[in-house]
There are 2 protein chains.
Amino acid sequence: MPKINKTRYAILGVLSLKPGSGYDIKKFCDDSIFYFWNENYGHLYPVLRQLEKDGLVTRSSEQTEGKPPRNVYSITDQGREELHRWLMLPVEPYPFRSELLLKMFFAVNIPRSNLIEKLEQKIQNESSLMRDFAAIEDLIKNRFGGRPEADLWLATLDYGKRMTLAAIEWSEETIGKLREEKTKEGD
Amino acid sequence: MPKINKTRYAILGVLSLKPGSGYDIKKFCDDSIFYFWNENYGHLYPVLRQLEKDGLVTRSSEQTEGKPPRNVYSITDQGREELHRWLMLPVEPYPFRSELLLKMFFAVNIPRSNLIEKLEQKIQNESSLMRDFAAIEDLIKNRFGGRPEADLWLATLDYGKRMTLAAIEWSEETIGKLREEKTKEGD
DNA sequence: GCGCCCATGTAACTAGTTACATGATTCA
DNA sequence: TGAATCATGTAACTAGTTACATGGGCGC
């Protein structure tokens, strides 16, 4: 089974909401779906050109005076069909990788304080995510509450919130356990 | 900042527990840490040779009669130092990607029944994982309970369990919400 | 004047996947 | 007899990352 290029579909998905430039697509990923998707220019721009060649998007160059030129892409009917076809397909299992867990698993000879630092860092990161989620939730409810997509968007957000909360809880309890061990040894 | 090769450290980690062949390392990944790490031969074997060239592991060829030859690798002192150095380093943020969420996010024109199927599939997968976790937990507690690593291994397992449970809960509640919507429309 | 935002892209690289190739042993 | 497990590896490919290159506008 050949690996299918997900970036193609992520781009088609973003353009299915509204036309935009490569820059806009990247921005959308970073602002709205960053908690489960990411794209970078080095991959985005070439794939965008390829989609154009395949007839799934069209490009129109906009030149506003005193501003950098914009290549605005729109999804075509063929592009919508292709996206629809892919959305209907079952989800391919994607191997999850966690460097934190890898490090913990082999950390017998690492000072517990170092592990605790890593877990505290994780709590910081995840807490920051929780604040982002609150802001996104407001945005969806206030600005896009009427849209038929709103429920789906809130569902994906709910996933992010649950995972993030669970990660924070695990980190805190694991820190607790590590401290217990430490004091046991220390006495 | 250059991207560091995680496979190198995963291999060093596995060999830090005990010497083994490429096949053994792959097996360990698939059996014991598959819920947060994966390796495949196409990457594993070349990296193993590279580690040998760098003096971080040594190779000894075993030829048992009537069996395929085995290249058994052992970690060197230099390898242990390199592993230790890396384990102490802070965790690099790794972008999380979810095809399921990507599909849900853009699923306005997809029948709800198709989404529900995907969520049910997810519940199946995660439930199967939960059973694997139970088996691994038994193994750690019964066979490796005395090892100093046991607590760390149980901590990583605990992470897996929490995430998996949260994913199942989310899937079930999301199915519920989708069905509600459906019946509302239906009337 | 400095830094951030807008805006496009390429080149070089690396990590990782899949498919191919081979072949013995063991167990049902 | 056929499937699974043991066992090693290469070749071709693709996806994705990072660094480089360029440059105007805007606000503090």
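Here is how names work: the chains are called A, B, and so on, in the same order as the sequence lines, proteins then strands, and each is numbered from 1.
Following rounding to the nearest Å, Ile11(A) (CD1) and dG16(D) (P) show an atom-to-atom distance of 10 Å. In this entry the distance linking CD of Glu39(A) with C1' of dA15(D) reads 10 Å, nearest Å. The distance from atom CG of Leu44(B) to atom P of dT10(D) is 12 Å, rounded to the nearest whole Å. Counting to the nearest Å, the C1' atom of dT14(D) and the OH atom of Tyr94(A) are 13 Å from each other. The CG-C1' distance, from Leu51(B) to dA15(C), rounds to 14 Å in whole Å. Rounded to whole angstrom, the span from the OH atom of Tyr45(B) across to the P atom of dA11(D) amounts to 16 Å. Rounding to whole angstrom units, CD of residue Glu92(A) and C1' of dA15(D) are separated by 13 Å. Atom NZ of Lys6(A) and atom C1' of dA15(D) are 11 Å apart (whole Å).
In terms of phosphate contacts, Tyr23(A) brings no side-chain nitrogen or oxygen within less than 4.0 Å of OP1 or OP2 of dT8(C). Here Thr7(B) reaches the OP1 or OP2 of dG16(C): one of its side-chain N or O atoms lies under 4.0 Å away. Residue Asn40(B) has no polar side-chain atom (N or O) positioned under 4.0 Å from OP1 or OP2 of dG16(C). An OP1 or OP2 oxygen of dG9(C) is reached within less than 4.0 angstrom by no side-chain nitrogen or oxygen of Tyr41(A). Considering only side-chain N and O atoms, Ser21(B) lies under 4.0 angstrom from the phosphate OP1 or OP2 of dT8(D). In this model, the phosphate group of dG9(D) is approached by a side-chain N or O of Asn71(B) to a distance below 4.0 Å at OP1 or OP2.
Within 4.0 Å (heavy atoms only), Lys26(B) reaches no atom of the nucleic acid at all.
Electrostatic pairing of Lys18(B) and Asp24(B) does not count as a salt bridge here, judged by no charged N lying under 4.0 Å from a carboxylate O. The pair Glu82(B)-Arg85(B) counts as a salt bridge, with a side-chain nitrogen and a carboxylate oxygen less than 4.0 angstrom apart.
Formation of a donor-acceptor pair under 3.5 Å by the Lys122(B) side chain with backbone atoms of Val91(A) is not found in this model. In this structure, Arg97(A) contributes its side chain and Asn38(B) its backbone to a donor-acceptor pair below 3.5 Å.
In terms of position along DNA chain D, the nucleotide closest to His43(B) lies nearer the 5' end than the nucleotide closest to the other residue of the pair Pro95(B) and His43(B). Between Arg97(B) and Asp24(B), the residue anchored nearer the 5' end of DNA chain D, judged by the nucleotide with its closest heavy atom, is Asp24(B).
When distances run from any side-chain atom of Asn38(A) to the nucleotides dG9(C), dT17(D), dG9(D), the shortest one goes to dT17(D). Closest to the Asn5(A) side chain, of the nucleotides dG9(C), dG16(D), dT17(D), is dG16(D).
Taking the ring centre of Trp170(B) as origin, the terminal cationic atom of Lys161(A) falls outside the region bounded by 6.0 Å and 45° from the ring axis.
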